[in-house]
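Please read these numbers as outputs of a predicted model, since none were measured by experiment. Hydrogens, waters and symmetry mates play no part in the numbers below; they use all other heavy atoms, side chains included.
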Amino acid sequence: MIRKLLSVLFFILFYTSTFAQLFTSDVIVQGSMQIGGSAQNGYSFGFDTFVMSEDNLRMLFDDTSGSASFPSNDWRFTFNDSSNGGSNYFSIDDATGGKAPFRIDAGAPNNAFRISSDGNIGIGTDNPGGIELNIFDNDTPTIRLAQNGGFGVQSWDVAANETNFFVRDVTNGSKLPFRIQPNTPKNTLTLRSSGTVGVGTWGPNTNASVHMSSTTKGLLINRMTTAQRTAFAASLDTGENGMMVYDNEENKLYLWNGTAWITDTDAQDLELTNNTLSLVNDATTVDLAKYLDNTDDQSIDVFQLNGNNLELSLESDGVATQTVDLSTYLDNTDAQDLDLSGNTLSLTNDGTTVDLSGYLDNTDAQTLSFSNGSLSITGGNSVDLSALQDGTGTDNQTIDLTNNILSISNGNSVNFSAYINTDDQSLTSASLVGTDLTIEIEDGSGVTVDLSSILEPLQEENAAQQTQIDDLLSRLEALEQSVVSQVPANKSNTPILYQNIPNPFNSTSTIKYYLPEGITNASIVFSDMAGRVFSTVSLKETGDGELNVNSDGLASGTYFYTLYVGSRKTDTKKMVIE
């Protein structure tokens, strides 16, 4: 018995010494196990089966494969930095390579990285929801793609929030070159394997680079001012032919032909057949037979609008200035007078009338009546005359009306001058403010009539006709330019007046001109639509020159400027101020 106790004591003393223990067979421990330099007797394991207690916790997996043909890389579990003030983390280290390919920092939130049972990955969520990679965050979930190698540093973010899905250029000021707003319609932008881009369609035409499909939207190309378009042209060359922009000052679409800007009208060809001038692809023609003498040195002498008459003439053609009456295109409603005849209101030169009888009191038909001692007038007041009766109710009293005084025999009288004699009432005033006509009648109340149903159609018709006039003037101007371009000009001895640029304008514009050598008395004269001259500028230098025009003090409208050499008129142009 004593010998068994000594054997057990020896075993305990031997196996609890500080010497390392080597077991050459399997070791099975029923219960929990604690190891490490900080292991302590009586440790409370709770639900933990294996506990490592140490200042620097590491678990090394040492692969001792002796043959080079077998994998032998060593791996390690690392728990926290070993230095004072280091980081708290768990990592899986490549012990042989000295790298840490997997690491979890202390304090990482729940479900920072989750692999669900179906193999889908959730970041920030415990339920990827059938999506291979589901990134969940309270504010703008983001994926960053950052390059920091030998080919340069560049970082991009792919992110989304309640405002948009976007790609962000982090390196260059966090610009957003690509954005998609929530609820963007289906097939707003599609890219097909044919290389075709579809806008609003999944099935773009394979022969088109871009196919747009919409019945409620259009194509809005780049818009710029005339100065911006001119500056832009300096950067263009023959390789950019086909470039298209819109000039929002001239309200024209421009196309770059490789050397200059052209408009859609520049592509039309001018054709002269048997003295008939026409534009290709345009049905408008002008018979120039009476203006041409078939010589090469003809030029336009007169081209201006005088009142409602368009005046045309060719220099040295021996034909007097021709006049075209445009009055049929004008309604001349400015001269209409308002007329009131009887109860009928009308406008001169207009068949529309308004019967105002319903607004007049027509008191001529008023009648007096007497019933049960009460005297009354139709449409007016009544007077109780019972006190004037003789008290017996007899019929022997007599009523008399003299000079608006009503009297009863043996009784009082009543002055009715305020109720009668309306036969001589007259209209005291009539005024038209906007579309409201106000009429005042003598000794009566005024009445206002809304004439918008009559005047507004007239105003709309006037505006439509004015639009036709403007269109006609534009066509005439285009034909003038075409005629001038068709007649060769010898710049060495012929004065030239160019169209102002820009036109129309609302601030400043430039007029270019050319004066041959030897001309000492030339000027540009400015006039309005009525032919009134409001400015004359003398030209002192010959050769190419230009004149800057300012619209200050001038009302919006159409004006003319004419080049005179001495007393001879050489050319006239139209300028429009907006």
Exercise. Under 3.5 Å, side chain of W202 to main-chain N/O of R192, donor-acceptor pair present?
Worked result: no
Seminar exercise, completed: In short, Y514 meets T494 closest at the heavy-atom pair CD2-O, 3.4 Å
For this session: Give a yes or no answer on whether the side chain of T190 reaches the backbone of T201 with a donor-acceptor pair at less than 3.5 Å.
Result: yes
Problem set entry | Side-chain heavy atoms of T536 within contact of Y564, under 4.5 Å | no
Problem set entry | Side-chain (N500) to main-chain (N503) donor-acceptor, under 3.5 angstrom | no
All N/O donor-acceptor pairs, side-chain side in residues 161-168, below 3.5 Å, sequence neighbours left out:
| unit_1 | atom_1 | unit_2 | atom_2 | d |
| --- | --- | --- | --- | --- |
| N161 | OD1 | T163 | N | 2.9 |
| N161 | OD1 | N164 | N | 3.0 |
| N161 | OD1 | N164 | ND2 | 3.3 |
| N161 | ND2 | T140 | OG1 | 3.3 |
| N164 | OD1 | R179 | NE | 2.6 |
| N164 | OD1 | R179 | NH2 | 2.8 |
| R168 | NE | D157 | OD2 | 3.3 |
| R168 | NH2 | D157 | OD2 | 2.9 |

Exercise. Any donor and acceptor pair, going by atom type alone, linking the side chain of D93 with main-chain N or O of A95 inside 3.5 Å?
Worked result: no
Problem set entry | 4.5 Å side-chain heavy-atom contact, L497 and T570 | no
Problem set entry | Pairing of K573 and D571 as salt bridge, 4.0 angstrom limit | yes
For this session: Please tell me if the side chains of V197 and L189 come closer than 4.5 Å, counting only heavy atoms from C-beta onward.
Result: yes
Exercise. Does T78 reach the side chain of Y89, with side-chain heavy atoms less than 4.5 Å apart?
Worked result: yes
Exercise. Do E132 side-chain atoms and G119 backbone N/O form a donor-acceptor pair below 3.5 Å?
Worked result: no
Cut-off 3.5 Å, no hydrogens considered: what does the side-chain donor-acceptor table look like for residues 522-530, sequence neighbours left out?
| unit_1 | atom_1 | unit_2 | atom_2 | d |
| --- | --- | --- | --- | --- |
| D528 | OD1 | A530 | N | 3.1 |
| D528 | OD1 | G531 | N | 3.1 |
| D528 | OD1 | R532 | N | 2.8 |
| D528 | OD2 | R532 | NE | 3.0 |
| D528 | OD2 | R532 | NH2 | 3.1 |

